[in-house]
Amino acid sequence: MGGREANVVLLDENGIRSDGRKVNETRKVTIKAGVLKNANGSAYIEFGGNKILAGVFGPRDVHPKHMSNPDTGILRVRYHMEPFSVGERKKPAPSRREIEISKVIKEALEPAVMLENFPRTAVDVFLEVLQADGGTRCAALDAASVALADAGIPMRDIVCACAAGKAGDALILDVNNEEDQAGQADMPIGYMPNLGKITLLQLDGVLTPDEYKKCIELGLEGCKQVYEIQKNALREKYFSSSDNN
Ligand code: ADP
């Protein structure tokens with residue numbers, strides 16, 4: 001972030017981005033629900049060049065027991081990037097970045113999941129990034145939400161996520177890796193459309209107060225588009241005649 005590769009042209013004179021998109025266009029998003037036989041719920045997402053698997057287990061007993069809560073269930077999230085998911089091999093040990101992303105995804109999901117229905121238990125969400133191309137926390141959050149719904153866990157809403165940001169002095173929807181590295185701002189947003197609640201909001205980079213507001217509005221438009229794709233993935237699994245797994 002912040003023009004580390006200042007000579008990269010992120011926006012041409014016609015307002016077209018380096019990957020051919022318009023400023024208000026997301027990358028192609030496809031989601032499939034119920035892809036893992038051994039998980040209670042699962043989903044696979046392709047969000048542009050990002051490829052991420054989500055597996056949900058539980059509600060189940062908590063080990064060690066003292067971590068359980070007699071009043072409510074707990075949510076545990078592990079976001080993990082495969083060493084081969086990026087160009088330069090990533091060290092397999094959990095990085096500070098993976099710990100941070102696991103935490104923000106957990107906090108973005110908690111308002112949606114009705115954990116109070118399952119005291120003393122845990123719901124575990126495993127997120128495996130197979131290929132990363134900028135915006136993995138949003139894509140992983142999208143997949144996690146579908147996998148939780150696929151597991152039949154009661155939810156107040158599906159959390160949908162998409163980033164907005166700034167590159168080439170323009171506000172852009174769905175920041176890709178190149179725009180993240182060389183652009184001016186990246187703002188991942190998680191949103192529950194039915195409840196009108198934002199559950200994830202981060203900002204890396206600098207925006208004016210006016211750009212900040214516009215960036216949120218733009219990001220929410222992307223979130224709503226992803227929301228439809230998430231619902232369709234669940235419809236496809238539960239209302240299509242072909243059995244997935
Ligand atoms: P997000 O993936 O949510 O945008 P970051 O902004 O931290 O999170 O990362 C942006 C992108 O940088 C990632 O999607 C990935 O493509 C790339 N990246 C992250 N970690 C590494 C790494 N260790 N090596 C190479 N590229 C990485």
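For ligands, and for the atoms within them, numbers begin at 1 and follow the listed sequence. Side chains included, hydrogens not; waters and symmetry mates left out as well; all remaining heavy atoms used.
Scored by the side chain to side chain donor-acceptor pair (under 3.5 Å) test, Thr72 finds no partners at all (sequence neighbours excluded). Applying the salt bridge (Lys or Arg N to Asp or Glu O under 4.0 Å) criterion to Asp150, with sequence neighbours excluded, gives Lys237. With sequence neighbours excluded, the residues forming a side-chain contact (heavy atoms from CB on, under 4.5 Å) with Asp61 are His63, listed by chain and number.
Remark: Glu228 does not engage Arg235 in a salt bridge, criterion side-chain N to carboxylate O under 4.0 Å.
A heavy-atom cutoff of 4.0 Å around ligand 1 is satisfied by the protein residues Met81, Val86, Lys90, Arg97, Ala132, Asp133, Gly134, Gly135, Thr136, Arg137, Asn177, Asp180, Gln181.
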Practice item. Begin from the C-alpha positions of Asp157 and Lys197 and carry the test salt bridge (charged side-chain N to carboxylate O under 4.0 Å, His left out) through to its verdict. Key: CA-CA 10 Å; Asp157 201 354; Lys197 281 198 173 144; over 6 Å; no

Practice item. Check step by step if side-chain hydrogen bond (donor to acceptor under 3.5 Å, both in side chains) holds for Thr136 and Tyr79. Key: CA-CA 10 Å; Thr136 58; Tyr79 163 103; 2.7 Å; yes

